[in-house]
Amino acid sequence: MQLVKSIRRLITWIIWFLAFMITLEVCARLDDYWQYGASPWQAYSTENLVVQDEMGRHGKPNARYKDFVLNRFGLRMPDIEMRPEPGKVRVLLLGASELFGLYESPGQSLAEELQRMLGPNYQVINAALFGMSLPRISEYYLRYLSRFKAKVALIYPSPVFYMDHEPPGPASFEPAIARPGAKRFQLRITGKIKDAGKRHLPHWLQTRVRRLLIRRGLAKRPADYVWHKVPPDRIERFGHDLKELVGILHADGLKVVVATHPSRFLAKP
Amino acid sequence: MLFNSLEFAVFFPLVLLTYCLLPRRGQNRMLLIASYVFYGWWDYRFLSLIIISTCLDYLAGLKMDVATNGPNGPDQAKRKLWLSLSLIGNLGILFTFKYFNFFLDSLQALLGSAGLQISPFQFGLVLPVGISFYTFQTLSYTIDIYRGKMRPTDNFWDFALFVAFFPQLVAGPIERAKSLLPQFLVDRRITWPGFVEGLQMMMYGLFIKVFVADSLAPLVDGTFSVSDPPGWSVAFASFAFAFQIYADFSGYSLIARGSAKCLGIDLMRNFDHPYVAASPREFWRRWHISLSTWFRDYFYIALGGNRAGKGRTYFNLSLTMLVCGLWHGAAWTFVVWGAYHGALLIIDRIAVHRLPRLKSPPSWMLPLNWLVTFGLVCYGWLIFRAQSMDQVFSMSAALFKGYAGADWSELGRILLIIAPLVTLEAITLFSGQKEWHRIAWLPHPAKGAVYGVLVYLMLTQGVTNASFIYFQF
């Protein structure tokens, strides 16, 4: 009798917990719908902003993810015409997530700051997209961006792609093929909980958690996984890819500005 | 330590776990240490004031008992002496830390208006958190002993715990010694239903504090921090503040009661749906019950209550509410707020006396009475929230004009924020339950869903480490 009672109580709690968790997930989806117009039924991530087709990997026209809104050309900026306005110099920004403004508040991305600084005689085109290595940017320019007829290009290359275990290979595109890693169903509440953690937990605790996760991640790796110095072949590779991109842009008649990455890697003397 | 902080999220489970492993005596000692840690987290130096109050009232209680039960019968002079010592000691500390500078400033301003310039000495004192709460709590102990309503405890540590019990130390409920102290003297059992009920109270309290009160705070602060807000903005802000202060304070009280309940201790209920009140008198029966009953029992009745004629009753009522206002803070706005409520209570009494039908009005009149009462209470909150009397005057004047171009979306935002609170309160009222967390008729999946919504709103919209409004009192 006691056992039956205990089992019944356990089932009650399981039902309660399931209802609780399902409600959290439903709330997360409704919240995304009300705030950003995101469909509650489809997967919702930064991948919603990207498309891979015969033009290569580029921003999805008129896509939206949270506060990120792309225009009809899949660029993170207000709508523009294909041809430049007479008397206006177009500045094309090429880079990855930092330049795209993935971590900046709306209105605070480098592209918007630069537009404010340069004034009305220039038109800054934010053509950066997260996950773009230098070979991908070259491909992206040749297949997609060259039609915007920019006069100046600002390259903001992210060296992080060259610090990974495998360096970026030559750009390849697979038209209309879904990425193998992309999940169809993802719990949205986990992302919300992470965001809440970032907002509510003190910085010292967040730093400790991050360190713990890094330590755990490294524990599964071989001893030579961590580099204490960037291997010369990676630097060479980075230089080669950058020169190639600059060459492509020069060949198309653009003036090129290369901006350095703002991160600072301190090496012990 | 704030209830809505990470520190408390670590502190409370640790206390709870240790509490479960100890016998009663050990539990009380541990709770006392935990309470001092909880309070000392703000500023350990303020602990000295609690310890002084504790020692004084413990001694006064014992001495009064000896004087009452001496071999030659009760010694009234000694009893009075020890009660006076307790009152002077406790109220002296309260006055020094809370009101001294205020009275000096007011005196300086008064003399200045008469052409006399003085620059009096001022204490550079910081107001200790919750001093008004624990002073009143410990005073109830000595007054009850003096009145013969209870015997003192001879266990100093249990008494110290009664004064400093952490769940209600800084913002109440202001417990009576008769109801709280005996609970520390008996063995307590933590039961599963009691524990769950405690957690539910904490959860709901945290929700209304973190989601409702803290989301309303920027809207209210926005209006009260500008010099000449339009009338509509003042009206919306007063309405929003009514819910902010209710959610903030009742949220705190619920977390306090919930955490005490988890430890097997019952604290008194502090709020009973105050905004459904249909008269000022009813409002005070439902709002901050532990304080209003304290003033009724230890001040209003001590002044003579309503036993010495109408005029004297009105005077007692005014004085009680004036002091009640002053209890909230050392500023003229609080005094005026108290006087305003005193006036409302007197008008209510006169109206009921002249028109006895108003005592139990017909049902069709109730919505009107409720609306008038709610409006008057909201205006009272304007006085309470204002930073100066000048602001009270300018905002009151603005209420009669400046409704053109009202931003109705702001009212929409306020209604959206208070919607969960109002919905849950309405469900509670219509289901005949006293408190929301006790709703047992909902099936388990529905309960899980309701808690899911509350947790989601707290996680995504809530603010952490925002202080409680009543901490300043």
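Small disclaimer: the values here were computed from a predicted structure and weren't measured. In the text below, chain A, chain B and the rest are named by the order of the sequence lines, each starting its count at 1. We use all heavy atoms of the structure for the numbers below, so side chains are in, but hydrogens, waters and symmetry mates are not.
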Colleague: With respect to chain B, which residue among A:Asp31, A:Asp195, A:Ile193 yields the maximal number of heavy-atom pairs within a distance under 4.5 Å?
Modeller: A:Asp31
Colleague: Considering residues, nucleotides and ligands other than A:Trp34, do more than 12 of their heavy atoms fall under 6.0 Å from its CH2?
Modeller: no
Colleague: Between A:Leu205 and chain B, which part of the residue has a heavy atom less than 4.5 Å away: side chain, backbone, both or neither?
Modeller: side chain
Colleague: Any chance you could measure A:Ile11, atom CD1, to B:His444, atom NE2, to the nearest 0.5 Å?
Modeller: 12.0 Å
Colleague: Among all residues two or more places apart in sequence or in another chain, which pass the salt bridge (Lys or Arg N to Asp or Glu O under 4.0 Å) test with A:Arg9?
Modeller: none
Colleague: Tell me, yes or no, whether the heavy-atom count around A:Arg216 atom CZ, taken from other residues, nucleotides or ligands under 6.0 Å, exceeds 12.
Modeller: no
Colleague: Which atoms form the tightest heavy-atom contact between B:Pro445 and A:Ile15, and what is the distance?
Modeller: CG-CG2, 3.6 Å
Colleague: A:Ala28: which residues meet the side chain to side chain contact (heavy atoms under 4.5 Å, CB included) condition with it, sequence neighbours left out?
Modeller: A:Arg188, A:Ile189, A:Lys192, B:Tyr456
Colleague: Do the ring planes of A:Trp13 and B:Trp192 sit parallel (below 30°), tilted (30 to 60°) or perpendicular (above 60°)?
Modeller: perpendicular
Colleague: If I take atom CZ from residue A:Arg199 and atom CG from residue B:Leu459, how far apart are they, to the nearest 0.5 angstrom?
Modeller: 8.5 Å
Colleague: Answer yes or no: does atom CZ of A:Arg221 have more than 12 heavy-atom neighbours from other residues, nucleotides or ligands under 6.0 Å?
Modeller: no
